[in-house]
Each structure stands twice: as structure tokens, then as C-alpha cells.
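Heads up, the thing below is written out as C-alpha cells.
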There are 2 protein chains.
Amino acid sequence: MKDVALAAGVSLMTVSRVVNGDRGVSPQTTARVEQAVSRLGYQRNDNASHLRRKAQTTRTIGLVVDDLANPFYATLARAVEDEAYRRGYLVLVSSTNDDPRREREVVLAFSARQVDGLIVVPTAGSHSLLKAQMAQGMPVVCADRPARGLDADTVTVDNRDATRKAVTHLLAHRHRRIAYLGDQRDIWTLRERFAGYQEALRAHGVELDPGLVRHGLRSRAEAAQAVAELMSRQAPPTALFSSNDLITVGAIDGLGAPLPRVALVGFDDFPLADRLPRPVTVVSQDPATIGGTAAQLLFSRIDGYQAPPRSVVLMTRFIARGSGEIPPP
Amino acid sequence: MKDVALAAGVSLMTVSRVVNGDRGVSPQTTARVEQAVSRLGYQRNDNASHLRRKAQTTRTIGLVVDDLANPFYATLARAVEDEAYRRGYLVLVSSTNDDPRREREVVLAFSARQVDGLIVVPTAGSHSLLKAQMAQGMPVVCADRPARGLDADTVTVDNRDATRKAVTHLLAHRHRRIAYLGDQRDIWTLRERFAGYQEALRAHGVELDPGLVRHGLRSRAEAAQAVAELMSRQAPPTALFSSNDLITVGAIDGLGAPLPRVALVGFDDFPLADRLPRPVTVVSQDPATIGGTAAQLLFSRIDGYQAPPRSVVLMTRFIARGSGEIPPP
DNA sequence: TCACGATCCGACAACGATGACGCTGCTCGC
DNA sequence: GCGAGCAGCGTCATCGTTGTCGGATCGTGA
């Protein structure tokens, strides 16, 4: 900037005014400065600019997800990014692998970089840190899951209700031995889904058989293994409810070929679910809408909206494709 | 920081030293300062810190991909992010939708934020801007595709060769009417793949039938439509080569049910390709390795490695699963 | 001719932090 | 008893930019 000022024969302040398009600079001077800018390839240092600017804002938000490689979070992230782009904001992204320690590090690093707000898919741990950040005025929005004990804007789906309906669907097809295939039980979404499973059974007077419940399935392979074990029981389940897309696919692996006569309903839709030998009945949620909504909530806070936290619950869609409509043998 | 200094009864510089873990502060003073820090919830402003620091570095890199919601780029991004995390770097991410204008905006914005380096999946346009950035000392690595006319480190796969082998595989199964289903032709990877297709045909003395070539398929639906049209020709193709995962899936849609006797080989592996009614033969590439390698190249430059640009070509894997091994009628 | 507002532009301080250097005491050796 | 050396800490300048204020210049109308 100094070089530009020198080259154009003006002061730093005038360069600043030209670069920012402020009024009060004559067309001739503007032209001289602009020429110097392009000749020297000058670019403003936004960090320094934000440091001094009146509106203490960096036009950057932070996004913290479980795993960016997971299509669900990737889609959510893309929606956040688009919303940010429309407003001229940049996005810092990080995955946590559901590790509270990594979440902590990342949130601190983002906050030290002076992000204007955070969208977080909270890990299962405690959130005193997020609480502290909010107390210091950092806008925070939780996406996909609420953070335990944190009064923040939240965007989730009706996990429990959707699961209850899905399991009820299986019960209506006269299934009674319905297995539950769950991911880590300490994640909120999965607690909710399991609760929905329990409620559906209870509502139909079916006693929960602990032998048919598997938690903590962290991969496609683990899910396949669990299903293989379940199917080799003396009284195998006649239907499966799987609590996310990865587990649904693993369950299909575990059923093997030829496909036994077992009903299957999964949480999360996934590509090609409709093209498999037995098209899969699913509960579908829309990560793009979750991300977009979270971003809108965040920006409303950044723009100064003051009110008690809002909780947006998005509806899921039940899509019957065949695998969930198989009656028991 | 001023408040902390006041509370601890020391100068700003001492607070700075304690916060940075510099030596030369007595244990008592350190304790007093640390107490004040935690009592006031003080966090250093990294942007201001980077402004003054000797090593003019922000410990932030920029990642510019085509579409973050695409699992391929999401996986690539995750690998970049992990490499960055291991080194204590943060990642700014943006999608371009293959729009050169948006790419330009994003690169400028990242550079104005003083990122220490850029990993870019270049759009099809010209790259004078990237060139200018590199000339000013910004380390740049191209991932997935090279940028036309840009001498930068590059990580790609053997697109042309892999396609030649895939099409040769079909030719070896006595196919002669092999359709090419292509994405936008101005993207480098797709030009390479089409070139590989042409080379394989030529090597086998098969004349290219322009009626069997479709470029510019941008979605699953468009691919399905194109395949439906191809199959209704008087002399329909006996085999299809599809140039990416999206198009492969669209092609399967377009073939309809029951599946006609048409061979299919696709570029890119995708989840469940092995579980479809007719398991799909594919050329598989590994986006995580592409991203990880790109990040390593970038950090070597950031660490001061000086040498002519390197071009890393990763191998693809041909996976025969059945759909590519069907002979012509 | 002169007062006066408008326009254009520069000087100075400041944003939050660190680099360089210098000032205090204290210890130690001779 | 005195200077050297060092640990501990503060002062000042500075990173690149912008907010504030005021000075210079000009045209205009009385």
C-alpha cells in the first residue's frame, strides 16, 4: 500500500479510499491510484483491514462437522458454503471425528481467528467451551444435533418421531421380532432414534428383546457382522431397523445372497437405494436444508437478531420401496 | 489483553510472553498472568498476532474445489483437512461449480485473507490470476486436474491411460460399437478420458462413430436420457463407457429394466457398485490420496522447498465386477 | 474582494499484537 | 567493592489498514 501511494503520488489514506470505493476522491486521482494498484499487483490485506475497521467483523464463519467425507455432512457443508458465499462470507471448515478434544481445539482456533459465528455439529461431550464462547458474544448454531446444556439455535429433524413411524410401519406388516441396528449411543440423534424404536414397540405392546438390539456399530463391516450374527440366532429377527445409511448398507452386506426374507427399513436415504435388487425403504432427511437453515439462523444472529434460541425441526420423508413391506415368513 | 495486563499488574509485553509460552517470565508472574487470562476469558487475536509476527504466516490454507457436495471432492477435502490439522493449519474451503468467475473471486478472497497456500481444482477457464498469485510468491497446488498454462505442482491420475485400458477391455470382449458418455468437454480430466477412448479404438482399427459419442452430460438424468436415446438407435451400442460415477448411475437408469444385454464400464468407483443387480465394472481412483498428496506438496512449498514444479500421477485400479465382461449379442 | 461551503486529500492515532532493545536488580568472580 | 553477565520486565516502534479531523483549494454569490 505504501508503494502504491508512492507510485501514485498520494497518501496512504487516499489509496485506502480508492481501494474501498469511498467517495471523495477525484476521478483523476482515482485513475492514478488504480493504475498503480494494477501495475504493482496490490491486494489489500483483509486481516489488517478487519483489525482496524469499525464493524469488528471478519466476514468469516466457522463450520465444524463430524466428518466432511461423509456425504451427509458434505452436502450440509455445501449448503452452508452457498449461503455464506451469497453474503460475501468465507467458511473455515473442520471435521471432529466426534472427538470432543478435537472439537475443542477447532472451536478455539476458529474463535482466535475472529470468526463472526459458528455452525457446529456438536460431539457427544460437554459443551462448556461453546457456552463460554456464546457468553462472550459468539453466535453459535447447532446443526443435526443439539448440544447438551447449550441454549443455542438448533436445526434438527424429527428423529424420534420418524423412527417411531418407521418401526410402526414394520409392526403394521405384522413383524414382532424387529432388530435395532444402532450407531454410537452417546450421539443425540441415535439416542432419539432408539427412543423412537422403543416407543413404537411399547405402543404395540411388543416387549423389547435386548438380544435384538445392537448399539455402537461404527462401520459398514461392523454392521454386516452384527446382522450376520443376528440372523444366525435361534429366533432370528424378521425385520431390521437400521439407524443410518452406513449401517443400512452394512446390513445388506450382512444379509448376504440370496437375500433372505427379512424386512429392512433404514434411516437416511442414499444413492442407488432404489436400484438395488431389493429397493430399500428409508426415512429420508435433507442435509442441504439442514445446512441452509442453520446458516440462515446464524446470519440472522450475526446481523444482530436478538431473541431466545430458536429450535427448527425439519420433517423427514418416509419412502417405501419394497424392503420394508415384506411380511414375516 | 490490556485488561489482562492491568489485572495482573504487568505490561502488555509480559502478557504476550506468557500467552506465547516465551521464556523469560518468572513462575510467579506467569501464574498471575495465567490466572488473569482465565478469569477474564482472554483469547489472543490470531489475526493481529499474525500481522506483526516475524514469520509472515497465518497458518491457514485455502482449498478450492468444484463441488464440495460431490463425494469425490468431499473425500479429497477431508484428506487435505487432516493433513492441515496435523500441522496446526486451518482450512478455508469453497466450491466453484466450475465457474471461472467464482473461482477468481474465491482465490482473490483467500489471498486477501493471507492464506499461506492454495490447493485448487482448477476450472476450465484461463488461469492468469493463479499465475499472478504464484508470481507474488503464493504456493499453489493443482489437484485432480492441471491448470492450463500454469507451472504448478499437480496431482492427477492417469485418466487417459486408464480409459484406454478400460475401453480396450471392452474391445477385447469383441465389442465394436462402444458408446462414450462424457461430461463437459472443456474439463481437462474429461478431455483426457475422451482421448483415451479414441486411442483405444484407433489402436484396434475401430472407426469412431460420432453418433455413439455424447459430451456435456451434467447430471444423472441427462445421462439416463442420452443412454435411452442411444439404445433406441437402429444400430444401438453393445457397450457403454461412462466418464464418471454420476453418469454411470444415470446410464444404469437409462438402460431400464429388465437390463438389456449391454456391457458397461465406468470411470470412478461408487458405493454399492458391487451390490447392484449387475455389479458394475469400474476404473477406481482414490480421492483421499489425491487430496493428501496435494496437501503434502503444498506444505513442502510452504516450508520453503524450492524446485521446479512436480507432477504426481497416481495410478487407478481397474475393477472387473461383471457389467464390463458381457459379450456382444 | 471576500466570506463560505463543498470537495479533495493528508496527518495522526489507533486496531491488537509482537520485535527490538534497554533498563533494572541480582548474583558471581576477582 | 566493582564490573560483567543474566534473568525479568517494560518502552517504543511497527505490522497494514482505517476513523477522525482538519487543511488546502476552488467556485460561487454578495
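Letters A, B, ... are given to chains in the order of the sequence lines, protein chains preceding strands, and every chain is numbered from 1.
- Between Asn20(B) and dT18(C) there is a side-chain polar atom (N or O) within less than 4.0 angstrom of OP1 or OP2.
- With hydrogens and angles left out, the side-chain atoms of Arg113(A) and Asn47(A) include no donor and acceptor closer than 3.5 Å.
- For DNA chain D, the outermost nucleotides in 5' to 3' order that have an atom under 4.0 Å from a heavy atom of chain A are dG16(D) to dT20(D).
- Between the side chains of Glu105(B) and Tyr85(A), at least one donor-acceptor pair of N or O atoms lies under 3.5 Å.
- Taking only side-chain nitrogens and oxygens, Arg53(A) never comes nearer than 4.0 Å to OP1 or OP2 of dA14(C).
- Note: OH (Tyr42(B)) to P (dG16(C)) measures 10 Å, nearest angstrom.
- Arg102(A) has a carboxylate O that lies under 4.0 Å from a charged side-chain N of Glu81(B), or vice versa, which qualifies the two as a salt bridge.
- Residues Glu103(B) and Thr123(B) bring a donor and an acceptor atom of their side chains to less than 3.5 Å of each other.
- One atom, CD of Gln114(A), and another, P of dC15(C), lie 14 Å apart when rounded to the nearest Å.
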(request) Would you mind building the protein contact string for nucleotides 7-12 of chain C? One character per nucleotide, 5' to 3', B for base within reach (heavy atoms under 4.0 Å), S for sugar-phosphate only, - for untouched. (result) -SBBB-
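- Thr57(A) and Asp116(A) share a side-chain donor-acceptor pair at under 3.5 Å.
- When the nearest nucleotides of DNA chain D are assigned to Lys54(A) and Ala48(A) by heavy-atom distance, the more 5′-ward of the two goes with Ala48(A).
- If you take CG of Leu51(B) and P of dC15(C), they are 14 Å apart, rounded to a whole angstrom.
- When side chains are defined from C-beta on, Val37(A) does not count as touching Val18(A), because their heavy atoms never get closer than 4.5 Å.
- Among the protein residues, Gln43(A) comes within range of the sugar-phosphate backbone only, with heavy atoms under 4.0 Å from sugar or phosphate atoms but none that close to a base.
- Using a 4.0 Å cut-off between a side-chain N of Lys or Arg and a carboxylate O of Asp or Glu, Arg145(B) and Asp98(B) qualify as a salt bridge.
- Between the P atom of dA17(C) and the CZ atom of Arg113(A) lies a distance of 14 Å, rounded to the nearest Å.
- Partners of Arg301(A) under the side-chain contact (heavy atoms from CB on, under 4.5 Å) rule, at least two apart in sequence or in another chain, are Pro139(A), Asp153(A), Tyr305(A), Ala307(A), Arg310(A).
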